[in-house]
There are 2 protein chains.
Amino acid sequence: MPTLPATTNGTSSSGTTTNGATTGRRGRPGYDQQTVLNVAVEVFNRHGYDATSMGILAENLGISKSAIYHHVPSKEDLLSLALEEALGGLESVWASPEAQSGAAEHRLEFVVRSTVRVLTEKLPFVTLLLRLRGNTETERAALERRRSFDRKVAELIGAAREEGTLRKDIDPRTVSRLLFGTINSIVEWYRPGGSLTPEKLADDVVTVVFDGLHTRS
Amino acid sequence: MPTLPATTNGTSSSGTTTNGATTGRRGRPGYDQQTVLNVAVEVFNRHGYDATSMGILAENLGISKSAIYHHVPSKEDLLSLALEEALGGLESVWASPEAQSGAAEHRLEFVVRSTVRVLTEKLPFVTLLLRLRGNTETERAALERRRSFDRKVAELIGAAREEGTLRKDIDPRTVSRLLFGTINSIVEWYRPGGSLTPEKLADDVVTVVFDGLHTRS
DNA sequence: GTCTATATGGCGATAGAC
DNA sequence: GTCTATCGCCATATAGAC
């Protein structure tokens, strides 16, 4: 999907972005920052952030490179805005009362379900976050916030294990890593709008993670 | 970890590469292609392939940019060599008799274990493969071989489900995706040489994937 | 097998007109 | 809000000496 002739000046942002998200804007380019961001994140995910030049981005927007700089001061600022959206969504999981009290088993299940939900709602933004390598200060700060999220889940796993609801024959760090692997990998294949709803996906993840793939007797 | 002063001319490849892998070379730079490749792959994984310039790579090798071109004709050839190593390892899984006959349940478990083993043995190479975006023909060809591997595992999942050993309340495509998510994510955290051996890791993956995290009664 | 010097092009970003 | 033209830099890769 290289070097599109772009939807040359006129169709790109009218209601539906390249990204597929309805933005509610009236026709013609005349972008706003959020729409530029949505398209940018989609293109970043398709080619990788580093491999996406402002020129490629401009083609996908159907405007010139320099016009992008009217909406956002730099490529790195686009990244920063996107990461804020991803991290804000993930961090909001902990604000719910269900995440704060009750049996660790139930808090953990709630957090898993909520994480899957945020992941599907903010799919392109979280995808971008999960692929960072930490090459700039912006990226490293985002990764640190992500690690902080992971640490909280790890604590919950520890609590559930002490409760006796999680198996003890596997190192809790391994458990935590495999759990995140399963959840985070969703961004690599899940696409909203298909027959698999976010709710069913969350059910499936909870089932597989806690009960496994084998049939029960 | 930016712009290392490099291990300036003399320590870098003497027995142990930046990569940590013993290569069996006698001191001083004087690299061979495999050693350049090992270091390159490690640096590609640290910064991302696209974000890694030949300059950064040269610093990590402790030689000049142009010296790299003595060993390999281009940056993309380095990628290509690395991907061949990853894909060759993965594809070899299907050569074993245990992958070809017997109950689907057992073939599937064998393939999961073998994949985890290849993943740990060729960790940096498989890591690079799993992060590709398909930006060049080289990358797209590798991704196609990877998809072919995935398709074979999906077939095995279908067979195990028909046997009645895998649960039927989840779409087989979802099962396949979650299984790969769990396995593939290992490259993001597993490091050989710690207390978690590849064998125990494979046991843990098989346990979690097939029996789940919950305690059994 | 390595070096310095260099060719050539694309990058992110800016200036200033419309 | 967009454009054309351009700046300065760094990218991959080459030439040719040691």
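So you know, we letter chains A, B, ... as the sequences are listed, proteins then strands, and number each from 1.
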Query raised in the report: Are a donor atom and an acceptor atom from the side chains of B:N38 and B:E42 found within less than 3.5 Å of each other?
Result: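 Distance-only check fails for B:N38 and B:E42.
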Report summary line: Closest heavy-atom pair, A:A99 versus A:V93, reported as atoms and distance to 0.1 Å, is CB-O, 3.6 Å
Atom [atom1] of [X] and atom [atom2] of [N]: how far apart are they, to the nearest Å?
X     : N      : atom1 : atom2 : answer
B:D50 : C:dC11 : CG    : P     : 12 Å
B:K65 : D:dC10 : NZ    : C1'   : 8 Å
B:K75 : D:dT12 : NZ    : P     : 5 Å
A:I68 : C:dA13 : CD1   : P     : 10 Å

Could you check which of [options] has an atom nearest any side-chain atom of [X]?
X     : options               : answer
B:S64 : D:dT14, D:dT2, C:dT4  : C:dT4
A:H70 : C:dA13, C:dC3, D:dG1  : D:dG1
B:Y69 : C:dG12, D:dT14, D:dG1 : D:dT14
A:I63 : D:dT12, C:dA13, D:dT2 : D:dT2

**Report entry** Donor/acceptor link under 3.5 angstrom from B:S66 side chain onto base of C:dT4
**Finding:**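 Counting by modelled atom types and ignoring angles, a donor-acceptor contact under 3.5 Å is found here.
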Query raised in the report: Side chain of B:S185, backbone of B:G181: donor and acceptor closer than 3.5 Å?
Result: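 Yes; judged by distance alone, with no hydrogens or angles, the pair exists.
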Query raised in the report: Does the ring of B:Y49 carry B:K75 above it, NZ/CZ under 6.0 angstrom from centre and within 45° of its axis?
Result: yes
**Report entry** Sugar-phosphate only, base, or nothing, as touched by A:S53 at under 4.0 Å among non-hydrogen atoms
**Finding:**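 The residue A:S53 makes sugar-phosphate contact but no base contact.
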